[in-house]
Every structure is written in C-alpha cells, then in structure tokens.
Protein chains: 2
Amino acid sequence: MDPHLLTTFVTVARHGSFSAAAAELGYTQSAISQQIAALEADLGLVLLGRRPVEPTPAGRRLLEHAEPLLLRLRAARADVLRAAALPRHRLRLAATPLAVNAVVAARLARARAQQPRLDVTLVTCGREQVAALVAEGEADLGLADGIAAPSDPLRLPDTGPMTTVGIAEEDLVVALPGDHPLAGRAALRLADLVDARWLQTPLCPLARLRDLVGDGFPAALEYQGDDVHTLLNLVAAGHGLTLLPSSALPAGAAARGVPLASPRLVHRVELLHGALPPGSAADLARTLSA
Amino acid sequence: MDPHLLTTFVTVARHGSFSAAAAELGYTQSAISQQIAALEADLGLVLLGRRPVEPTPAGRRLLEHAEPLLLRLRAARADVLRAAALPRHRLRLAATPLAVNAVVAARLARARAQQPRLDVTLVTCGREQVAALVAEGEADLGLADGIAAPSDPLRLPDTGPMTTVGIAEEDLVVALPGDHPLAGRAALRLADLVDARWLQTPLCPLARLRDLVGDGFPAALEYQGDDVHTLLNLVAAGHGLTLLPSSALPAGAAARGVPLASPRLVHRVELLHGALPPGSAADLARTLSA
DNA sequence: GAGGGTCCATCAGTGTTGCTTATAGCAGGT
DNA sequence: ACCTGCTATAAGCAACACTGATGGACCCTC
C-alpha cells in the first residue's frame, strides 16, 4: 500500500471530487483517476463511489487508518532527521496551556539562565496537537497535561517511538460556584457529584470521569477553549462544575476550589520528545525534568 | 518515504549484509544497493555503514520507527479487507492464556450454542502478539489480560484504529508460599511487600508495580512462560511472589493467595477487534462482551 | 606475492510505471 | 438540442526499478 496513493485517496475523499484533489495535489484529473484505480486494484475493493464521489464502507475504514499512518510516516522522517541534525539554539516548545504552571515556568527560566544562547518559542495548542507537532518535527519538545492517577502516564496519541517523562503533578480541585451548597466542604468525592451539572472541557473530559466512577456527569455545556479565566466565570455563573489544578484558582477567584479526595487523581504534566541528540534541546529537556 | 525501501532497509540491517537481504527478498545485490542508496538520498543521510554493514545512529532511529510503521501498513490493509469481507463461520481467536477464565469460557460456550455453525480456533500467545495478530488479520478477535485499576483500559500497543472492550474483571491476590509469615493475613498492601523477592512474569511485570508504588520489588527470577501450574510451584518453592487473578489458585494449590487490598487493582480482560461487519465475528464479540 | 573468494558500488540495458494530453461518455441544467 | 462539468480510458513518453556485468576493496590461503 503506497503512501502516495493513500495521500491521493484522503484528498479525493475530503474534496468529494477527483478534479478538486488534482488541483490541490498538482496533478491532472486523469492521474488522480488512475491512482485511485491503482489503489482499488491493489486492494481488490471499490473504495469510492462515483457521482457522487463518496467513500464506501471499506473506504471509510481505510480513511480511519490513513491519517495516523501518514502522520507516522512524517514523524519517522522528522525524527531521523532530528537524530542527525546539528544542535540548534532556537527551539520550539509546544505546550497545552495548563502545562506551563509555576513549577514548569520556573524550570524554563532556570534553563534560560543556564543557556544564555537559548531562544525558545512557546506555542500553545491542544494535547493531540502537541504530540503531532513534536512527532512531525514542527516542535522540538512538547508539554502536555491531563488528569491521571498519581504516577500514571497520560494517554497521548501514539505517533511512533517517542519518550514521555512526567515532570510535575499537582492536586486537583473541584471548581464550584462560591454559593454552592458544597463549597464549604474540606474535600469532595466524585461519587457524590455524579448528578451535578458538569462542563465538558479539554482538560476534564466527562468520559474520563465516567470511566473512573461510572455513569452520570451530565454535560451541561461544552467549552472547547483553554482559557482558565473564562472557565472560572462559567463555573461561577452556575453552568457546571469542572476539575482544575489547585494552582489555577487564584485567591479571590469567582469560583471556589474544593480539594478532590476520591478517587485519587492529580493534574499531571509530561514532557514529550523524539530523538534527542546532545545539544540545547537535550539540555532543556533535562532541566525541565529535574 | 517508501515502505518498500523501508522493508529493504530493515532486512539489510537484520542480516548486516546486502547480499543476504537480496537472497531473502528475491532481488539481486545490485537492486538492494540501489534501493538503500535511494533511501539515503531521499533522507540525505547515511543510514548504514559499509564493511561492516551496521546502522548509523540515524539508521538506528529509523529502525525504531520502521517495524511499527510496517505493521500498521499491514494492519490497514487487513482491516479494510476485513471490513469488506463476507462473513465467515470459521474464526480465529487470539488470547493470552489467563484471559480465558471461567467467565470468558462460559460466554464462549454460550456463543457456540447460539451459533451452531460457529467454528473457533483458539490461539494463545503474549499480549503484544494478540494485538499484532488481530491488527494484521491473522486473528478475527483478540483477548488480552493484564493488571489495571478498576475500569482502566489496558495499555496495548497501538496498531491503528482498533476497538477494545473490557469484558471481565477479577480481584487480584498475592501468591505466597504456604508457610510465608504473611500467608495468614486477611489482605495485603503492596507497600508492605516492597523488599520481598518477586517473580518477573508477563502478567505481573515488576516495572508496573514500581510505577504504582515506587522503587523496590526486586526480581529474584524471571519466568517468561504462562503456565500457572509452573508459576505456583515457583512461588511455593520460595523463588518469589507474584500477583494472580483469584480464580487462578485452585483449592489445595501449592501456594496460598492473599487478597490485595492496596492499591486497588484488578485482573482485567479485554476484547480486541478491528472492523466488525455483521456476521459470526460480530455475534461472537457481542456474546463475549455481554 | 599470487590467486581466489566475497561483498558492495556503479554502469548499461530493458521492461515497467506514472504522468500528460486527448477523447469519449454520462449527468444535469437551460 | 446545446453546454458545462466530471470521470474513465487510451496513447505517448520520460522516469523508474530491476537484471547482468564489471570493478575495486578486503580477507584468507598457499
């Protein structure tokens, strides 16, 4: 199965048109038609209907495999080039917003003090994007955060042989409105909040809570952003509860944070990297992991 | 990056010889030489030294990516073909030995009763092999087991879009010799067994215990087999402790099983499958998951 | 030192592949 | 009926991938 044909297939399926895919890929319609025919002949299956150009069930299944496969191919190339590259001082660090907490920021500052020539560009994005950027060589290092049991690795998308190192863990709190009946408690258990209204957020996916505790945790509102200020305002206004790292609630915040006692969970930050030959990136990774 | 060239590269590296790789792949030495040159030109790197033919650091990095990549390509092909295939009654079920406990076996028997034409071949192998066989289409369904927190999915190798369903969970016990000082306890905590001697086994990798509890758990002996009878004899003879599902210790066994109270862990069995069009395999999967 | 064997690199020749251009057929709209 | 847009197919040609031959390097034996 040729990745070249796979790329063509994915592009055609996205556009629903041979001609449009040809334009995007810089081929003629005829070449595209022949490439799709070759892929279909190789597998002995019809992968796309014609008029309209839509994937068959088998084609849909192949599409599910194609994107991760093509990403992994890009990752392999990037990682090999990285393993052989000369050290650079200008680095890109991809991070989820909440991954750069005070501990991590302090270590970053220490790294800058130790390496005067270090030049770091910090890019924030979602957890999946962090993994992809590092894998594809678009970022030198990644920082990803999430909810996990203590010392339990985060579940990141697998993009090939990549190293993850846990670098920070912090207690979680349940963020409640200040006037919530449970706001005065010393600690809370998730099992007692099963029927409360919750916010669906990237940090606190409700499916994860259901995995840990069981059914419940209705999503009253979904917030796909990462801005803590907005999140706290949504909580304070009564839209729903969420879990946050304790340091994310400054004194005087609109919402109140009550420590989570059960199940035993933490906000965990992990460093991601591929090949790490000696140089600035390796030094930065070491300092961030210290 | 062409998978064809990758396959050649992997084969040459394995043999340490262009000529031997040529013989295995059915090409001439000249073709192999040109393929490796093409791959090196594509990446702009020397991947293999010559005389002796050994991977460079960059080549070694590429080898780490190559095997999973090639497996995923095979998996994509197999899964697409499976999605489009006609239903068959002759199925292959790949399972780790301890995954087929009494609950699972009973469900399998129920499936056979419900589908008189069902013909299942059960193949036992290691956890990684289960995932690979299912991914590559060599098995229709897989059953894998391991130690996990309740409701926490097992960590299986990622071979592409595959579905895993937890189908059984069972308490774990610490297997001790009958005359062990702790054998009479009602329950045990792992933290109290940190300095005991342990067996390194596929089911109970000591690295996992260290992740959960911390340093310790010295490996007194490694047993790579899966035979519970042998394992119990090793325990009874004082070679070391291990964790086993409670049902694995029959009455009168040579070793004694004491329930594990902390941390909260279970023996978990999961069903693995790729594309599952309507038919015997889908019916079997449904019955096994019930 | 001479001779022989093994192994990889490179060249020339040849069949295969992958692209472009041209054309045919189909569907939908006016 | 005519026009437009779209995909399939055929023919032509450059590029690619393989084989067979050859050269050079290295090692071993006499």
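Bear in mind that the values here come from a model prediction, so they are computed numbers and not experimental data. Chain letters run A, B, ... following the sequence lines, proteins first and then strands; every chain starts at 1.
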* Check whether any side-chain nitrogen or oxygen of B/H4 sits under 4.0 Å from OP1 or OP2 of D/dC18, and answer yes or no. => yes

* Under-3.5 Å donor-acceptor pair between B/S33 side chain and C/dT10 base -> no

* Rounded to whole angstrom units, what separation is found between the CG atom of A/D2 and the C1' atom of D/dC16? -> 13 Å

* Pick one: which of B/R112, B/Q114, B/Q115 meets side chain to side chain donor-acceptor pair (under 3.5 Å) with B/T287? -> B/Q114

* In whole angstrom, give the distance that lies between atom CD of B/Q29 and atom P of D/dG20. => 13 Å

* When only distance counts, do a donor and an acceptor, one from the side chain of A/Q34 and one from the base of C/dT17, lie under 3.5 Å apart? -> no

* Asked: If only side-chain N and O atoms of A/R50 are considered, is one of them under 4.0 Å from the OP1 or OP2 phosphate oxygen of D/dA8?
  -> yes

* Asked: Any donor-acceptor pair under 3.5 Å joining the side chain of A/S30 to the base of D/dT9?
  -> yes

* Any chance the side chains of B/T8 and B/Q35 put a donor and an acceptor closer than 3.5 Å? -> yes

* **Spacing of B/Y27 atom OH relative to D/dA17 atom C1', expressed in whole Å** => 8 Å

* **Between C1' of D/dA8 and CD of A/E40, the distance in whole Å** => 12 Å

* When you check the phosphate oxygens OP1 and OP2 of C/dC7, does a side-chain N or O of B/H15 lie under 4.0 Å from one of them? -> no

* To do: Taking only the side-chain nitrogens and oxygens of A/S17, find out if one of them lies under 4.0 Å from OP1 or OP2 of D/dC6.
  => no

* Given D/dG20, is OP1 or OP2 found less than 4.0 Å from the side-chain N or O atoms of B/T28? -> no

* Value in whole Å for how far the C1' atom of D/dC28 lies from CZ of B/R51 -> 14 Å

* Can you tell me if the side-chain N/O atoms of B/Q35 get under 4.0 Å from OP1 or OP2 in D/dC18? -> yes

* Exam field: side chain A/D79 to backbone A/A275, donor-acceptor pair closer than 3.5 Å -> yes

* Donor-acceptor contact below 3.5 Å, side chain A/D140 vs main chain A/R92 -> yes

* Asked: Can any side-chain N or O of B/R50 pair as donor or acceptor with the backbone N or O of B/L48 at less than 3.5 Å?
  -> yes

* To do: Mind calculating the distance between CZ (B/F18) and P (C/dT10) to the nearest angstrom?
  => 11 Å

* Nearest-angstrom distance from the residue atom CD1 of A/I36 to C1' of D/dC6 -> 15 Å

* **Spacing of B/I32 atom CD1 relative to D/dA17 atom C1', expressed in whole Å** => 12 Å

